[in-house]
Amino acid sequence: MAQPQQIVTRIAPSPTGIMHIGTARTALFNWLYARARGGRFLLRIEDTDRARSTPEATEAILDGMRWLGLDWDGEAVSQFARVPRHAEVAHEMLARGHAYKCFAPQDEIEAFREAARAAGRSTLYHSPWRDAADATHPDAPFAIRLKAPRDGETVINDAVQGTVTFRNDQLDDMVMLRSDGTPTYMLAVVVDDVDMGVTHVIRGDDHLNNAARQAQIYRAMGWAEPVWAHIPLIHGPDGKKLSKRHGATGVMEYAEMGVPAAAMRNYLTRLGWSHGDDELFTDAQALAWFDLGGIGRAPARLDLKKLESVAGWHIAQMDDSALMDEITGYLALTGQPALSQAQHDLLAHAMYCLKDRAKSLPEILEKGQFALAARPIIPDAAAAAHLDPVSRGILLELTSQLQNASWERDTLETTLAQGAEAHGLKFGKLAGPLRAALAGRSVTPSVFDMMLVIGREETLARLTEAATRDG
Ligand code: GLU
């Protein structure tokens, strides 16, 4: 019995300087599809545009992939390094009669197009060299063109778009190898995909027209065509093509905002793909559920509010050590000092009371400031307003009551309630001064949580300091 073919997908970004979220989503779809099916997921850098393909631009792609956790199999393939192979295939097609030498000079072709445009005629160029006998060939540079079918149709059976039909009389004999010996994009993609064994081409639908031309190469060469799946692009909330004015377009900008990678994966997976009404899911669920049938035909719209709520859900349900890893990565990425071991441990210890309502990593750090700060705790202006002579007096009194209290939530609650009551106050009145003393801020986790996290000694030291500080 024949072995079922192993699935091979790929992402083939051109290094543009950033990893666009559209590219990130395409990579994610390919990754999910292959990983869930025991397949391989490959990375090819389409670096034939030498001016744009700097090592930094390539690194930006790799950074985006790594941050999103999209591991690829084997080495990243450089398209540019494969130019000799592309040329070889063009010559092979020539030898097999699927292609021909075109000696038409570029300026002649341009002039034809110009005139056709001006006259409102089709600009489709039909080379006079298609059927020219070899004997008539001049000794001059030539391009290699595909001898494309003139009649009939090229039909693409697309897993997302359905059956898409292109009339062959609307497609010209595309150039595959230019007269300077460089391959065109159209040829390079097909040769690379074939040599890399790609079985599924899942990419943006801006490449749908290319699929027709690429299919002609597969068919001419008798190569097995991949499954095509062209995904609608991501639009802005207004339904227009995504641009900077809608929000960040680079995936690393989201990393720098402190969106956890797991949340970004969830959000991007759901952007243009659905599984019933599921909005929030783990990687394991995405892997189990993802398929090409769930990809919609309408462009998905970027919704930053939704991303925020997805991030909140992931933060709340992620385990503390995974969150600490995310925070460590976030600090490094944004050029902030790393946490000391003591800060790391205390923040991890505090995580249970920080993660429930936080929607980003910097929000966790902000709320967790009490665990990161070292004495003296300098209150900000809002917190300082709570530290008047009366409240400082009460804080000082509390230090002696807390000296011997057992360090548990119930006892702490009773002790503080009694302390407030002794002054005819509700506990709420004490919360402001306590927050100011313990965290130097007015937005913090509950006073009890802070006390439990930092412990008796540190609590007493902070209260004493706030009660006795000058000014
Ligand atoms: N290099 C192309 C791009 O970045 C992708 C080509 C492909 O996926 O076939 O849009």
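Note that these values count all heavy atoms, side chains included, but never hydrogens, waters or copies made by symmetry. Start at 1 and go down the list; that is how both ligands and their atoms are numbered.
Each of the following atoms of ligand 1 lies closer than 4.0 Å to a heavy atom of H207: 2 (C), 3 (C), 5 (C), 6 (C), 10 (O).
The proximity of R10 to ligand 1, defined as any non-hydrogen pair under 4.0 Å, is limited to the side chain.
The pair R245-D238 meets the salt-bridge criterion, with a side-chain N (NZ, NE, NH1 or NH2) lying under 4.0 Å from an Asp/Glu carboxylate O. Comment: R82 engages D195 in a salt bridge, judged by a side-chain N to carboxylate O separation of less than 4.0 angstrom. At a threshold of 4.0 Å, the pair E46-R52 does not count as salt-bridged, since none of the basic side-chain nitrogens sits closer than that to a carboxylate oxygen.
Between the side chains of H86 and D192, at least one donor-acceptor pair of N or O atoms lies under 3.5 Å. No hydrogens or angles considered: a donor-acceptor pair under 3.5 Å links the side chains of H126 and R150.
Considering only non-hydrogen protein atoms, atom 6 (C) of ligand 1 sits nearest to Y185 OH, 2.9 Å.
Between A12 and ligand 1, at least one N/O pair is under 3.5 Å apart. Between E46 and ligand 1, an N or O atom pair is found at a separation short of 3.5 Å.
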